[in-house]
Amino acid sequence: LTQALRLILGGAPAGPAGTGKTESVKDLAKGIGRQCVVFNCSDQLDYKMMGKLFAGVAQCGCWICLDEFNRIDIEVLSVVAQQLLLIRIALLADKERFMFEGREMRLKPTEGVFITMNP
């Protein structure tokens, strides 16, 4: 996970339910002094809600762990991928401000996105 962060990527710990995937992300965040928000995903999520979530993460520089990511509908996942790509491109360009979902916002380079999935 730490190597993924150095490459401005996220992480997706894998394993059966109850093996500590989410806790590992939370413990790593705590160990390096980052706030980590755990968000439990469901099939009721839409791209607008995810966009607001990512906008907040990008602006405050915290980490987010999207728990049970596999529950999100495939139509929403395609937009989520584009939203995360916009943030990553801005991070790679070392931008302090960038356009996201039609508005300009600041970007803190400490942000991180992680997902966990159960089989």
* Close side-chain approach of L45 to M50, heavy-atom, < 4.5 Å -> yes

* **Check ion pair K108-E111 (N to O, under 4.0 angstrom)** => no

* To do: Would you check if F39 and V57 make a side-chain contact, meaning some heavy-atom pair closer than 4.5 Å?
  => no

* For the pair R97 and L107, evaluate side-chain contact (heavy atoms from CB on, under 4.5 Å) and give the outcome as yes or no after the intermediate values. => CA-CA 5 Å; R97 301 189 73 74; L107 177 64; over 6 Å; no

* How many angstroms lie between atom NZ of K21 and atom CD of E23, to the nearest 0.5 angstrom? -> 11.0 Å

* Separation of D67 CG from N70 CG (nearest 0.5 Å) -> 9.5 Å

* To do: Apply the side-chain hydrogen bond (donor to acceptor under 3.5 Å, both in side chains) test between E68 and each candidate in N40, N118, T116; give the one that qualifies.
  => N118

* Hey, any chance W63 and M105 share a hydrophobic cluster, counting ILVMFWY side chains that come within less than 4.5 Å of each other, even indirectly? -> no

* Asked: Do C36 and C62 touch side chain to side chain, with heavy atoms closer than 4.5 Å?
  -> no

* Asked: Do D27 and S24 have side-chain heavy atoms sitting under 4.5 Å apart?
  -> no

* Is it the case that one hydrophobic cluster holds both V113 and F98, taking links as side-chain heavy atoms less than 4.5 Å apart, direct or via other members? -> yes

Residues 74-96 side chain polar contacts: donor-acceptor under 3.5 Å, at least two apart:
| unit_1 | atom_1 | unit_2 | atom_2 | d |
| --- | --- | --- | --- | --- |
| S78 | OG | E75 | O | 2.9 |
| Q83 | NE2 | Y47 | O | 3.1 |
| Q83 | NE2 | E101 | OE2 | 3.2 |
| R88 | NE | I8 | O | 2.6 |
| R88 | NH2 | L7 | O | 3.1 |

* Any link between M99 and F54 through a network of hydrophobic side chains (Ile, Leu, Val, Met, Phe, Trp, Tyr) touching at under 4.5 Å? -> no

* Asked: To the nearest 0.5 Å, what is the distance between SG (C65) and CZ (F114)?
  -> 8.0 Å

* Do you know which of I64, I115, L1, V38 makes side chain to side chain contact (heavy atoms under 4.5 Å, CB included) with V25? -> L1

* Pairwise distance CE(M117) to CZ(R71) - rounded to 0.5 angstrom -> 13.5 Å

